[in-house]
There are 2 protein chains.
Amino acid sequence: MPRQVDHEARRRELTAALLRIAGTRGLRAVSMREIAAEAGVSLRVVQYYFAGKQALLESGLTELGARMDRRVRRRTAAAGELTARGVLEAVLATIVPCDEESRLDSMAWTAYYTAALTDPALAAAGLTLPDALENFLTTRLTDAQRAGEIAADRDPRTEIAALLALANGLTSSVLSGQRDHRAAMYIVGYQLDRLFGPATP
Amino acid sequence: MPRQVDHEARRRELTAALLRIAGTRGLRAVSMREIAAEAGVSLRVVQYYFAGKQALLESGLTELGARMDRRVRRRTAAAGELTARGVLEAVLATIVPCDEESRLDSMAWTAYYTAALTDPALAAAGLTLPDALENFLTTRLTDAQRAGEIAADRDPRTEIAALLALANGLTSSVLSGQRDHRAAMYIVGYQLDRLFGPATP
DNA sequence: CGGGTTAGGATACAAGTGTATCCATACGGG
DNA sequence: CCCGTATGGATACACTTGTATCCTAACCCG
């Protein structure tokens, strides 16, 4: 079968296999051989398309960030970007895992996040997404305040930081089974009502 | 040196060594030999005082829970348990790491939490603390509502769940260096002001 | 139509893992 | 005094890990 193979596609499939393992059994269970088995190829193939385990792990982190980004964009686009509350709700709903797919990705993300706390190489390779989100939403909410959508005595930067931290905390509790998606989103809605006033139907 | 040795003390020291490693280099770096080296004993000693690695890990988790519990109790006792806000502030300040010691414990806790997501044995061995805290604080805030300390249209259960999730999310951001302790506690104070009204000096 | 490069199978290797075993020592109680 | 047991040192074992090497097969191009 050899000659021309789509390297990019092969790397994507191997990365997907890696994230499937990380999402179900944790980063701890990720080994070259496990990835090969999950992807249905031989160990040599994994070695052939990635320089080493480090490169593989970084590829997984990058893909995970790309997926989150895609999800946020799709959801905010679907929400029409009408009100600031709509955008905020869409973003927060994206962070808290709702279906099996996003649950697996959140698991993998948590695993990476924890690993990055004690592995400088991973940390450098990409936890920039949270900061970007925070800035984007802050400017958005500042505009909303100018437009009178929220009270003047609120601090947009603090509100956004709190909401994002809240979403992260809720994600943890959902992943551990302490709460389900519905309960988590109820809490988010409760907080948004406090910020914007009761939902406008 | 042999005859009579305080087994309990020896186990505590080994557990402490384990948590020191987990807090600085992650659970991933925890091995029998590493624990032995960290505690300054031989591998055989670690084997002698613990049935196996699983028992060691469970001991670490138990100790971590006990430390958190102790910290919360000490802080709430020091706060005098006067107002509901005082208790709440004390608990939340305990969750968000402020000094190096609590930072290491929070690191270890995060590592355990993540591991428990994909390891049923660890999950069963002890993530009950969050639920207990949530219930305790909820009854406390319900009483405070009856006493008129917070507005009648607040839902104590949801408020507490949100505050605890917020504290967890803030902890993550502090551990990753995105924010420092001071910034995190400012956000907590901001939220408490929203709930109780501006601080009473 | 044949070599040369690409794609991958099979296997080897050193390092690190948890666990088990063998054996020496030192003390307390008889 | 001395023997049995508590304590721990040294070492071995089977296994998994990441990585490296050897070699075969297939395709594109001249």
Side-chain angles (χ1 to χ4, degrees), chain A residues 1-22 24-61 111-112 114-116 118-122 125, chain B residues 1-22 24-61 111-112 115 118-122 125:
Chain A
M1 309 96 167
R3 204 52 187 273
Q4 222 62 345
V5 174
D6 186 341
H7 283 220
E8 218 46 55
R10 222 119 168 92
R11 269 191 270 266
R12 265 200 307 274
E13 170 51 25
L14 290 175
T15 303
L18 153 56
L19 290 181
R20 248 174 284 144
I21 298 173
T24 52
R25 285 178 289 154
L27 263 187
R28 172 179 205 184
V30 170
S31 76
M32 298 276 179
R33 289 167 176 83
E34 281 299 323
I35 294 173
E38 175 70 30
V41 299
S42 79
L43 169 61
R44 184 63 173 85
V45 172
V46 181
Q47 286 187 286
Y48 191 79
Y49 289 98
F50 284 94
K53 188 178 186 179
Q54 196 61 34
L56 214 15
L57 286 176
E58 287 172 16
S59 167
L61 187 49
Y112 266 108
T114 305
T118 52
D119 179 347
L122 271 185
Chain B
M1 312 85 171
R3 202 50 186 270
Q4 223 61 346
V5 175
D6 186 342
H7 283 220
E8 218 48 54
R10 221 115 168 98
R11 269 191 272 265
R12 265 200 305 275
E13 170 51 26
L14 291 175
T15 303
L18 153 54
L19 290 181
R20 248 174 285 142
I21 299 173
T24 51
R25 284 177 290 155
L27 266 187
R28 167 174 214 189
V30 170
S31 76
M32 298 279 178
R33 288 167 177 83
E34 280 300 322
I35 294 172
E38 174 70 30
V41 298
S42 78
L43 168 61
R44 184 66 174 84
V45 171
V46 182
Q47 287 187 286
Y48 191 79
Y49 289 98
F50 285 93
K53 188 177 186 180
Q54 196 61 34
L56 214 16
L57 287 175
E58 287 173 15
S59 168
L61 187 49
Y112 266 109
T118 53
D119 180 346
L122 272 185

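Atoms considered below: every heavy atom in the structure, side chains included; atoms not considered: hydrogens, waters and symmetry mates. The chains referred to below are lettered A, B, ... by the order of the sequence lines, with proteins before strands, and numbering in each begins at 1.
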TODO: Figure out the CD/P separation between B:Gln47 and D:dG9, and round it to whole Å.
DONE: 12 Å
- [ ] Can you measure from NZ (A:Lys53) to CG (A:Leu18) and round to the nearest 0.5 angstrom?
- [x] 9.0 Å
- [ ] Could you give me the CA-CA distance, side-chain angles and deciding distance for B:Glu34 and B:Arg20, then say whether salt bridge (Lys or Arg N to Asp or Glu O under 4.0 Å) is met?
- [x] CA-CA 11 Å; B:Glu34 280 300 322; B:Arg20 248 174 285 142; over 6 Å; no
Open item on the list: I'd like to know if B:Glu38 pairs up with B:Arg33 as an ion pair, taking the criterion as any Lys NZ or Arg NE/NH1/NH2 lying under 4.0 Å from an Asp or Glu carboxylate oxygen.
Closed with: no
Open item on the list: Measure CE/A:Met32 against C1'/C:dA12 and give the value in whole Å, please.
Closed with: 17 Å
Task: Interatomic distance, A:Asp6 CG vs C:dG8 P [rounded to whole Å] - done: 12 Å
TODO: Please state whether the phosphate of C:dA7, meaning OP1 or OP2, lies under 4.0 angstrom from any side-chain nitrogen or oxygen of A:Tyr48.
DONE: yes
Open item on the list: Taking any heavy-atom pair under 4.0 Å as a contact, classify A:Tyr49: base, sugar-phosphate, or nothing.
Closed with: sugar-phosphate
Task: Spacing between A:Leu14 atom CG and D:dG18 atom C1', to the nearest angstrom - done: 16 Å
Open item on the list: Looking at A:Ser42, I'd like to know whether one of its side-chain N or O atoms comes within less than 4.0 Å of OP1 or OP2 on C:dG8.
Closed with: no
TODO: Return the nearest nucleotide to the side chain of A:Leu43; candidates are C:dT11, C:dA20, C:dG9.
DONE: C:dT11
Open item on the list: Is it the case that C:dT19 (base atoms only) and B:Arg44 (side chain only) share a donor and an acceptor within less than 3.5 Å, ignoring hydrogens and angles?
Closed with: no
Open item on the list: Strictly distance-based, threshold 3.5 Å: is any side-chain N or O of B:Arg11 a donor or acceptor partner for the main-chain N or O of B:Tyr49?
Closed with: yes
Task: D:dG18 base / A:Arg33 side chain donor-acceptor hit below 3.5 Å - done: yes
Open item on the list: As an exercise, state the distance from OG1 of B:Thr15 to CD of B:Glu8, rounded to the nearest 0.5 Å.
Closed with: 9.0 Å
- [ ] Figure out the NZ/C1' separation between A:Lys53 and D:dT16, and round it to whole Å.
- [x] 11 Å
Task: Spacing of A:Arg28 atom CZ relative to C:dG16 atom C1', expressed in whole Å - done: 14 Å
Open item on the list: Measure CD1/A:Ile35 against C1'/D:dT19 and give the value in whole Å, please.
Closed with: 14 Å
Open item on the list: If the cut-off is 4.0 Å, is A:His7 near the phosphate of C:dA7, judged by side-chain N/O to OP1 or OP2?
Closed with: yes
Task: Rounded distance in Å - CG (B:Leu57) to P (C:dT17) - done: 14 Å
Open item on the list: What contact category does A:Arg10 fall into here, base, sugar-phosphate, or nothing, at under 4.0 angstrom with non-hydrogen atoms?
Closed with: sugar-phosphate
